[in-house]
**Student:** 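Quick one: this structure, given as structure tokens, is what I'll be asking you about.
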Amino acid sequence: MAGTQTERAHERQDQPGESPAEYLDRYGRMRLIRRFEQEIHRLFLKGEVHGTTHLSAGQEAVPVGVCSALEPDDYVAGTYRGHGHALAKGTEPEALAAEMLGRATGVCGGRAGSMNVIDLDHGLVGCFGIVGGSIAAATGAAVSAQRQGKVAVAFFGDGASNQGYFHECLNWAQVFDLPVVYVCENNFYGEFTPMASVTAGGEIGIRAASFGMQSQVLDGNDLWAVREAAVEAVSRARGGAGPTLLECQTYRHYGHSKSDPAKYRPPDEVERWLARDPLDLARARLLDLGLSEDEVSAKDAEIDGQMDRAVDAALAAPYPDPEKDSGGEFKA
Amino acid sequence: MAGTQTERAHERQDQPGESPAEYLDRYGRMRLIRRFEQEIHRLFLKGEVHGTTHLSAGQEAVPVGVCSALEPDDYVAGTYRGHGHALAKGTEPEALAAEMLGRATGVCGGRAGSMNVIDLDHGLVGCFGIVGGSIAAATGAAVSAQRQGKVAVAFFGDGASNQGYFHECLNWAQVFDLPVVYVCENNFYGEFTPMASVTAGGEIGIRAASFGMQSQVLDGNDLWAVREAAVEAVSRARGGAGPTLLECQTYRHYGHSKSDPAKYRPPDEVERWLARDPLDLARARLLDLGLSEDEVSAKDAEIDGQMDRAVDAALAAPYPDPEKDSGGEFKA
Amino acid sequence: MSEQLEFRRAIRDAIDEEIERDPAVVFFGEDVAAPGGVFMTTPGLHEKHGQERVFDTPISELAMAGAAFGAAVTGLRPVIEIMFGDFMALPMDSLVNQSAKFWYVSNEQASVPLVVRSAVGAGGRFGAMHSQIHGTWFQGIPGIKIVAPSSPADAKGLLKSAIRDDNPVIFLEHKRLYSVKGPQPTEETVPIGRAAVVRKGSDVTIVSALRGVRDSLEAAEQLAGDGIDAEVVDIRSLRPLDHETVLGSVAKTNRILVVEEGPRVGGWAANLLGIVAAEGLDELDDAWILTTGDTPAPYSPTLEDAWLPGGAEIAAAVRERLGVAAASS
Amino acid sequence: MSEQLEFRRAIRDAIDEEIERDPAVVFFGEDVAAPGGVFMTTPGLHEKHGQERVFDTPISELAMAGAAFGAAVTGLRPVIEIMFGDFMALPMDSLVNQSAKFWYVSNEQASVPLVVRSAVGAGGRFGAMHSQIHGTWFQGIPGIKIVAPSSPADAKGLLKSAIRDDNPVIFLEHKRLYSVKGPQPTEETVPIGRAAVVRKGSDVTIVSALRGVRDSLEAAEQLAGDGIDAEVVDIRSLRPLDHETVLGSVAKTNRILVVEEGPRVGGWAANLLGIVAAEGLDELDDAWILTTGDTPAPYSPTLEDAWLPGGAEIAAAVRERLGVAAASS
Ligand SMILES: Cc1ncc(C[n+]2csc(CCOP(=O)(O)OP(=O)(O)O)c2C)c(N)n1
Ligand SMILES: Cc1ncc(C[n+]2csc(CCOP(=O)(O)OP(=O)(O)O)c2C)c(N)n1
Ligand SMILES: [Mg+2]
Ligand SMILES: [Mg+2]
């Protein structure tokens, strides 16, 4: 399957946005997310990141592939597992890291923390600690987007598709032909509970049929596949043809949160998925497409340096001062 | 179509529960509901029924057909348009009328009123003023029913299928194989708004596919068709094969509530449906099945007399005395 | 002088004028557009402003609040109707965890300009699920305002202020006020968060909201006949809560009765009295609370009438507490 | 003497023993069964009692509350976990319009024996959507009880009472209490609706709930060093609200401070003080309230620590109000 996709990728190379160089940048963005999650994990264990945090390592191809199909001023709503959503949409790694560390230079001044990041300058209407909240936020953003020629995207998990938010919002979006793409990151678990035991129907994509909505189930670890589906869904949305549901099947490398060892996942299942690490797949694909080992390694080094600088700067930043930064209840 | 169904009806005559005499009783129950709604409408205009009331005239075949497939101790949850749900499940007409009139002899002592009737003695866990609430109540009753060898039924409208309650509960019921039948009374309007303008997908039945749930779309004005589908769904539920969604297409003869003239409905549409009055259809079918005009008319007279006595008794009943009947917040 | 303004008309005109004034304002809800609202509060707005600005929605209160939130942080100023206050538990998550949190949590990147209107209150024989006032469900939520008008003029001025406010606002419309007529507003808007002394008096301060204000004024008239000069304060907003105005009144009367259509425990009346006690204990010679019974609203007329505190009950409560007999008696 | 009891263990044992005792009791929620709960409050119950009695659910809080309601009126006694109190807006409609109304509206045909447990409160760096206490959202809803334990022994006794109670009960578990250890209970159950004087004193009454009770006791110890003898009252239940016990204490101390982790407007602290003022104004020489700031809970440690009133702040507030300098200073 990778083969055929590579062939298609070869054929597409000269189309706008499809050059190997552009995919190299997308691969770089995926690596940026991976490195970010590794750093946050390390800093959490060191006690620098507080409360809890949900890492998206292993799922990078989804936000990067989807956001590569968006304009900078399009809207995205993410989840508490949202570092990848933010970085893929353009949030500065330093500002995001500083937020995790509770520093005054954080993208939300340290008020939000890992689960509730908001970055309107980059079209991120928010990451939502309430499962299903991102679906509503993107649906609402799409009400504006429809009047602005923009598109809105909701990222959410398989477990979120059992929330009333999912049903009410998808019907709403279809009724009003809203320019929104619902991206389900199906990693087959909600916290410690397998999807199969709490989600009827076996698949998320089919749930679009209730509303006569377009949908697609795809390999969420394949950057090319995700981008292809996203480009189509986004152009449909921008063209006034309404919403799409994309079920991107993927897997998280870490536990659900904090230092959850994820003992509830069968070892062979974990192995199978680790063997399909989206970064490895993308790297291999880039080489297939004719990029040299050196070119790709140079991107790795560039990203790693960027991440190190971001973390160092974030760690050097001050904590907010309650006297100055406590803020008010209402906008005057 | 009526023809073929009558043939099937003829074939079924000797099966248990399928004799013409039993259908005559079901027809009588339908007429009881029709007459009840007519009386309540009259009493509302006279100022004897207060606040608001939602009449189900035109939809009688659904609750009667469905409840004919239930045991007396099975559970039913209905809506604010629930007089038919209660009467079909066995609530006494006099106690129900007295409730509408706010009298102490009402099935809820006058505390509930038209929208919130509860009659546990007859398995009615409640009628719910909140759109979608009946779906949750029946789902919960099914959690008990599963342990008691019973079945639970939820009645709700087309508009309710856009509520989060619908989605969360159907998934829940399928996940746990609950013995519940979800009966959507699709009368093609939610209040004054046509289903087509707010409900994507064109049909309610298809929404079961999201969960791999059994479903059927059927003629809700045909008592025989409703009962046939209900018998199958109920036996499946009782047999441990899980939930079913039945979309029963029907039409309300009155406006949404109170004295809504329902101007928003096209006259030809109204005519088309009035021509398919479920009572007329049932009456014709009974004659086809060999009952005499006299036998059916005798049932009519019996029901009318029963209703007149019920209303007279209810009107003669006292109002609750706030000194004695105000009641407490908690069960001691 | 210009003719009187009906409360429901005040609501309609406020929305109409704000849609006219600001292209960012949109209005949506269940049966509000083509049908004009179940209480006939918004007829004609859809025809006048079109589907873009005024539209009917599915029966999906949670999606409605989410749509309003997402739209509000991306440039629109939604006004939504959640038909009955009793239904406000369904959209509450979006209002509490999205709209109310956004301004603070985002470090003030943007605020959430939206208004949620609902018909509230008992007395209409609507039963327990169509008679509640949800103000107290939200009163302890930082980041959201709760407005409660008692007159047509305030309804219009406060709703216009709510629509122009950059923060989320819950707007309460009492069912038993819709048909009330009153003087036209004198100002374009009425500021949110300021209570109003609607009747001057020197013997006792009666504080209430919504329909309770009219009942309190009626009680004050009765009490005047008994030689009791009651001052009546319309709190007008539950959050922010203007205890200053109440303190000012109590400094004069030294006695306070707070009247709420709702239970005492968990109610705004006792909450206000607690703040008044904390801030102005020395001014208080007497303080008490009059509320509904501690049950859901009953349907039957005899039960509902006994359950609701009306003008007569308020007057009787004041007389009893002040040890004054009714002149009539 | 027997070893100390950990709060989270008290929760687990209460559920375990009630499932054992009454075949009608079932327990379900998200990740509560096989995983044993995200706060490790219910490990082993699934293995011990089986899927029939203890099971994991979809992430569907509204369906969960509805399932509990429907099951409760048909013979079961469900205990459900809504993981964080912040999520309680999602199931609220069923709890408010179904469970809380049923006993009264049905004319007492049946009651709704269910318990809804949640982890609540700030101080864990969980941010604005995982730090709220939803007690006040429900405090004004007739028909539902709200229980708030502050010690392991009370947690066990009150949860057992809640499970045996025939009415719907919201049960609050403060995150910063889960790891607290304390004495074993002396009684099988603790009655719901009675406040407890947890420290006797004569100079001032400090009333609080949940974690605030521990902070108040800590403050009382500090104040003792300054010659101030504080009485501490644990309100233990927000509905019913036992103002009688508070009045009894105030009759002795004539001064009251109510401490709440939450805002003042719309909070239970001011509500309680208002009721105390209405019932016992003559006993009050001084009364005030200490609460959090009027914003959502911040994530950053520096901000969250400043936002939360702790033992030191409580002690300082009392000293300042009583015009006493800290002994240490
Ligand atoms: C309304 C709500 N219920 C429960 C939770 C607790 N919770 C946080 S993440 C999570 C699992 C979500 O699973 P899924 O949607 O598949 O997303 P994933 O974490 O797998 O990316 C749960 C139950 C929550 N945050 N919000
Ligand atoms: C949660 C909620 N939203 C809105 C309403 C107001 N309302 C009462 S009936 C109704 C229409 C329901 O339509 P449908 O489900 O099709 O049932 P029908 O009345 O047609 O039988 C609405 C919107 C309500 N009672 N509850
Ligand atoms: Mg998942
Ligand atoms: Mg309908």
Side-chain angles (χ1 to χ4, degrees), chain B residues 49-53 80 98-104 106 108-117 127-133 157-166 189-195 197-200 256-258 260 263-264 318-323 325-330, chain C residues 28-40 46 51 55-66 82-84 86-91 93-94 122-132 175 263-265 292-308:
Chain B
V49 175
H50 312 277
T52 185
T53 181
Y80 48 84
E99 188 61 36
M100 312 290 107
L101 296 167
R103 307 306 171 100
C108 295
R111 292 181 180 182
S114 170
M115 289 196 277
N116 310 312
V117 170
C127 294
F128 297 89
I130 301 293
V131 166
D158 46 290
S161 66
N162 293 328
Q163 284 284 23
Y165 269 124
F166 173 88
Y189 289 83
E191 290 195 337
F192 322 119
T193 300
M195 169 191 168
S197 68
V198 290
T199 305
H256 165 70
S257 64
K258 295 181 182 177
D260 156 32
K263 292 258 186 299
Y264 44 85
Y319 283 96
D321 173 357
E323 301 307 313
D325 305 340
S326 63
E329 178 178 5
F330 295 116
Chain C
F28 52 96
E30 295 158 19
D31 303 289
V32 300
V38 294
F39 289 99
M40 296 307 282
H46 179 250
Q51 177 72 7
F55 54 92
D56 290 315
T57 73
I59 307 172
S60 304
E61 285 77 11
L62 185 56
M64 202 192 304
I82 299 292
M83 201 179 289
F84 285 76
D86 309 68
F87 312 157
M88 282 291 286
L90 288 164
D93 176 67
S94 179
R125 322 301 187 206
F126 284 109
M129 287 75 154
H130 286 71
S131 300
Q132 298 166 85
K175 298 182 196 75
R264 187 170 78 161
V265 170
T292 58
D294 269 322
T295 68
Y299 161 72
S300 182
T302 55
L303 297 178
E304 190 177 37
D305 290 343
W307 181 84
L308 275 173

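Naming: A, B, ... by sequence-line order, numbering from 1 per chain. The figures here come from the full heavy-atom set of this structure, side chains too, leaving out hydrogens, waters and symmetry mates. Since the structure is predicted, the reported quantities are computational estimates derived from the model, not experimental observations.
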**Student:** B/T193 and side-chain contact (heavy atoms from CB on, under 4.5 Å): which single residue from C/T57, C/D31, C/V32, C/I59 fits?
**Tutor:**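 Looking at C/T57, C/D31, C/V32, C/I59, the match for B/T193 under the side-chain contact (heavy atoms from CB on, under 4.5 Å) is C/D31.
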
**Student:** Which heavy atom in C/L303 sits nearest to a heavy atom in B/D325, and how many Å separate them?
**Tutor:**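 Scanning both residues, the minimum pair turns out to be CD2-O, 4.1 Å.
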
**Student:** For B/Y319 and C/P301, which heavy atoms make the closest approach, and how far apart are they?
**Tutor:**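 Smallest heavy-atom distance, with atoms named: CE2-CD, 4.4 Å.
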
**Student:** Between C/L90 and B/Y165, is any pair of side-chain heavy atoms under 4.5 Å apart?
**Tutor:** yes

**Student:** Determine, stepwise, if the pair B/F330 / C/D294 fulfils side-chain contact (heavy atoms from CB on, under 4.5 Å).
**Tutor:** CA-CA 9 Å; B/F330 295 116; C/D294 269 322; over 6 Å; no

**Student:** Rounded to the nearest 0.5 Å, what's the gap from CZ on B/R111 to CH2 on C/W307? Could you check?
**Tutor:** 13.0 Å

**Student:** Of the non-hydrogen atoms in C/T302 and B/P322, which two are nearest, and what is the gap between them?
**Tutor:** O-CG, 3.4 Å

**Student:** Side chain from CB out, backbone as N, CA, C, O: work out which of these in C/M83 comes under 4.5 Å of a heavy atom of chain B, or both, or neither.
**Tutor:**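 Just its side chain gets close to chain B.
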
**Student:** Quick one: what part of C/E61 sits under 4.5 Å from any heavy atom of chain B, side chain, backbone, both or neither?
**Tutor:** both

**Student:** Under a 4.5 Å cutoff for heavy-atom pairs, which residue among C/A33, C/S60, C/P298, C/A128 has the most contacts with chain B?
**Tutor:** C/S60

**Student:** Rounded to the nearest 0.5 Å, what's the gap from OH on C/Y299 to CG on B/L101? Could you check?
**Tutor:**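 CG of B/L101 is found 7.0 Å from OH of C/Y299.
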
**Student:** Identify which part of B/F192 has an atom lying under 4.5 Å from any heavy atom of chain C, answering side chain, backbone, both or neither.
**Tutor:** both

**Student:** With side chains defined as the heavy atoms from C-beta onward, is the minimum distance between C/H130 and B/M115 less than 4.5 Å?
**Tutor:**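 Yes. Closest side-chain heavy atoms under 4.5 Å.
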
**Student:** Quick check: do B/H256 and C/V38 have side-chain heavy atoms less than 4.5 Å from each other?
**Tutor:**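 No; the side chains remain at least 4.5 Å from each other.
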
**Student:** Heavy-atom distance under 4.5 Å to chain C: side chain of B/T199, backbone, both or neither?
**Tutor:** neither

